[in-house]
Amino acid sequence: MRHFNSDGIDIAYLDETPDEGPGEPILLIHGFASNSRRNWVGTGWLTALRNAGRRVVAHDNRGHGESEKLYDRASYGSPLMAEDARRLLDYLEIARADVMGYSMGARIAAFLALHHPDRVRGLIFGGLGIGMVRGVGGPQPIIRALEAARAEDVVDPVARAFRTFADQSQGDLKALAACMGSARQKISEEEIGRLRQPVLVAVGSEDRIAGSPHQLAALIANAEVLIVPRRDHITAIGDKAFKEGVLDFLARRP
């Protein structure tokens, strides 16, 4: 991966162009405890988008993957991580891009679009519905799970799933605990209603974390919903129906 300096923070990123030309850019923002390789490369997204003629940019959020690890909660938060994404666009001299985020990445993408609307052409919110507005539960059980000696010691099933996922991603548990403490800022209905870009809200039919995609889409003027059948919060990301729905949305959006 390549690296750039985002206001003093080292951020790792991928920048892949299609074989036949530069391609329209799309920025991919991964979810909590994941990284760009696991979220977008291993699931086939990078290949699918490049084959569709897209320039694909994906970075590891601060505290994740190959990016710099920080241990102060004040160093995280979705608005701060949205500025990392904006600075990456600046660094690569990309004036405007489609943006797709999954779970925490969807929240980051929303802040990027709200604070820099001229930089975002279209939005895909994956793995996050009305939970973007109402919240998706308190962070403390997950923080305790990340701080536990072993995943097997965690009783709460959702918290244990997050810890297991973090272990599988070989994440820095201390950095992830700091991130979880400040990365779930809610976005008000009034704020989310300011989005004017075309928006696709994509959630697995069995996802018990995201909240209703239809309720979130109803707050946005130009939004539509994609239900990924028979998939939950973890398994929806690599699903063929998810990819097909996103590629169709990108082909149709103005």
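All heavy atoms count here, side chains included; hydrogens, waters and symmetry mates do not. Since the structure is predicted, the reported quantities are computational estimates derived from the model, not experimental observations.
Taking the six-membered ring where tryptophan is involved, the planes of H30 and H59 are tilted, since the angle between them lies from 30° to 60°.
Expressed to the nearest 0.5 Å, how far CG of L114 lies from OG of S78 amounts to 11.5 Å. One distance of note links CG of L28 with OG1 of T43; it measures 9.0 Å at 0.5 Å rounding. The line from CD1 of I11 to NE2 of H64 is 10.5 Å long, rounded to the nearest 0.5 Å. For the atom pair R2 CZ and D15 CG, the distance stands at 5.0 Å (nearest 0.5 Å). How far CD of E189 is from CD1 of I130: 6.0 Å, rounded to the nearest 0.5 Å. Atom-to-atom distance recorded for L219:CG and R194:CZ is 13.5 Å, nearest 0.5 angstrom.
Ion pair R230/D239 not flagged as a salt bridge, since none of the NZ, NE, NH1 or NH2 atoms sits closer than 4.0 Å to an Asp/Glu carboxylate oxygen. Between R50 and D19 there is a salt bridge, since a side-chain N of the basic residue sits under 4.0 Å from a carboxylate O of the acidic one. With respect to R86 and E83, a salt bridge is recorded, a charged nitrogen being found less than 4.0 Å from a carboxylate O. The existence of a salt bridge linking R87 and D90 is excluded, since no basic side-chain nitrogen approaches an acidic carboxylate oxygen closer than 4.0 Å.
Using a 3.5 Å distance cut-off with no hydrogens or angles, the side chains of T235 and D232 do pair a donor with an acceptor. Side chain to side chain, Y71 and D172 meet the donor-acceptor criterion of an N or O pair below 3.5 Å.
The side-chain tip of R38 points at the ring of F165 from less than 6.0 angstrom away and within 45° of straight on.
Taking the ring centroids of W45 and F242, they lie under the 6.0 Å cut-off.
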side-chain hydrogen bond (donor to acceptor under 3.5 Å, both in side chains) for H233 and S103? Distances and angles first, verdict last. CA-CA 8 Å; H233 195 72; S103 194; 2.9 Å; yes
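A 4.5 Å side-chain heavy-atom check between I192 and L216 finds at least one atom pair inside the cut-off. A 4.5 Å side-chain heavy-atom check between W40 and V56 finds every atom pair outside the cut-off.
Taking both residues in full, the closest heavy atoms of L112 and A85 are given as CD2-CB, 4.2 Å, listed atom of the first, atom of the second, then distance. A106 and L128 get closest at one heavy-atom pair: CB-CB, 4.0 Å. The heavy-atom pair separating L195 from A113 by the smallest distance is CD2-CB, 3.7 Å. Nearest heavy atom pair, residue I209 against residue V136, reads O-CG1, 3.3 Å. Considering all non-hydrogen atoms of both residues, R73 and S182 come closest at O-OG, 2.9 Å.
Evaluated for a side chain to side chain contact (heavy atoms under 4.5 Å, CB included) with S75, the options L70, L80, I9 yield exactly one hit, L70.
Looking only at distances, no side-chain donor or acceptor of D98 sits under 3.5 Å from a matching main-chain atom of R121.
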